[in-house]
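Residue numbers count from 1 along this sequence.
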Amino acid sequence: MGKIFYIAGKSSSGKDTIYRRLLKEGAGQTPLFTAVPYTTRPMRDGEMNGREYFFTDEAELEKLRSQGRVIEERKYMTWYGPWYYFTADDGQIDLRGKNYLMIGTLESFMAVKKYFGEGRVIPIYIELDDGERLQRALNRERAQETPKYEEMCRRFLADAEDFSEEKIREAGIGRRFYNGELEECLAQIRSCILEFAGAEEED
């Protein structure tokens, strides 16, 4: 049986870059597969449907809800209306012999852990200095064709509550990975993945 390695962290901590690199390069000889989450928010420049997210609408979300196929969901009231993010039981995940990489919030991590079992879902928590995160977020918005600065500020402030130390402890997260230097952070994460994947192979 495989495991799900779940990346979480505050906005602009670099978790999306780490997620993409791990999916592309794997961890040593351990390939990593993914279950793409869904969102109703607009697609950003550089994103591709089915890669970062499946971009959908509230009607499709309601259809999946009615079928009992929504593993977890989150609703954010933004400057542009409600945006939903969710994970669906849509046949993407098969833990018989495969290891997966997912990305989301602490709330979604806990829901996925509850759904698949605590021993099957391993947290990869990414940290970065708040000042550096804010600068990265600003640089990213400036590069967009239509910057959404209000939403950037809302997300930054919301992270203080969503990723409070209390909630991190409640999620059962101990080890953290500081993303001050990307390659060093990736090396530490790969070592962690190989450790857990190797333990699984020995079972």
Verdict with supporting geometry, V121 and Y115, side-chain contact (heavy atoms from CB on, under 4.5 Å): CA-CA 10 Å; V121 185; Y115 190 88; over 6 Å; no
Could you check if a side-chain atom of [X] sits within less than 4.5 angstrom of a side-chain atom of [Y], using non-hydrogen atoms only?
| X | Y | result |
| --- | --- | --- |
| V112 | Y6 | yes |
| L64 | F86 | yes |
| L128 | Y178 | yes |
| I7 | L101 | yes |
| Y80 | P42 | no |
| N179 | I18 | yes |
| I124 | C192 | yes |
| M102 | F109 | no |

Over 12 non-hydrogen atoms of neighbours within 6.0 angstrom of CD in E161: no
Is there a chain of hydrophobic side chains (I, L, V, M, F, W, Y, each step under 4.5 Å between heavy atoms) that links [X] to [Y]?
| X | Y | value |
| --- | --- | --- |
| V70 | F116 | no |
| Y125 | M110 | yes |
| F33 | Y38 | no |
| V36 | W83 | no |

Gap separating the [atom1] atom of [X] from the [atom2] atom of [Y], nearest 0.5 angstrom:
| X | Y | atom1 | atom2 | answer |
| --- | --- | --- | --- | --- |
| M1 | K98 | CE | NZ | 13.0 Å |
| I4 | I93 | CD1 | CD1 | 4.0 Å |
| I189 | L194 | CD1 | CG | 12.0 Å |
| R136 | L138 | CZ | CG | 13.5 Å |
| E127 | C185 | CD | SG | 10.0 Å |

For the residue pair [X] and [Y], what are the closest heavy atoms and their distance?
| X | Y | value |
| --- | --- | --- |
| E58 | P82 | OE2-CG, 3.9 Å |
| A197 | N99 | CB-ND2, 4.2 Å |
| T87 | P37 | OG1-CB, 4.4 Å |
| I126 | S13 | CG2-O, 3.6 Å |

Polar side-chain atom of T40 near backbone of Y84 as donor-acceptor pair, under 3.5 Å: yes
side-chain hydrogen bond (donor to acceptor under 3.5 Å, both in side chains) involving [X] - partner list, sequence neighbours excluded:
| X | answer |
| --- | --- |
| Q67 | R69 |
| D130 | R133 |
| Q92 | D90 |

Y85 ring center within less than 6.0 Å of Y76 ring center: yes
Candidate pair I168 and L106, rule side-chain contact (heavy atoms from CB on, under 4.5 Å), full reasoning: CA-CA 7 Å; I168 291 172; L106 289 183; 3.8 Å; yes
Pairs of donor and acceptor atoms involving the side chains of residues 151-159, under 3.5 Å and at least two apart or interchain, shall be tabulated with distances.
from, atom 1, to, atom 2, distance (Å)
E151, OE1, R154, NE, 3.0
E151, OE2, R154, NE, 3.2
E151, OE2, R154, NH2, 2.7
D159, OD2, S11, N, 2.8
D159, OD2, S11, OG, 2.7

Partners passing ring-ring contact (aromatic ring centres under 6.0 Å, His included) against F5 (at least two apart in sequence or in another chain): none
Not counting sequence neighbours, list each pair that qualifies as a salt bridge (charged side-chain N to carboxylate O under 4.0 Å, His left out) and has a residue in [range].
| range | value |
| --- | --- |
| residues 73-89 | R65-E73, E72-R74 |
| residues 109-119 | none |
| residues 36-47 | R41-E47 |

Could you list the donor-acceptor pairs under 3.5 angstrom formed by side chains in residues 48-57, with sequence neighbours left out?
from, atom 1, to, atom 2, distance (Å)
N49, OD1, F55, N, 2.8
R51, NH2, G46, O, 2.5
E52, OE1, M48, N, 3.0
D57, OD1, A59, N, 3.3
D57, OD1, E60, N, 2.9

Geometric cation-pi criterion, K10 with F163: 6.0 Å, 45°: no
Any residue meeting salt bridge (charged side-chain N to carboxylate O under 4.0 Å, His left out) with D94, in chain and number order, not counting sequence neighbours: R96
side-chain hydrogen bond (donor to acceptor under 3.5 Å, both in side chains) pairs, two or more places apart, involving residues 137-148: Q135-N139
Listed once per pair and sorted, the side-chain hydrogen bond (donor to acceptor under 3.5 Å, both in side chains) pairs that draw on residues 16-29, sequence neighbours left out: Y19-T34, R21-E25, R21-E183, E25-R190
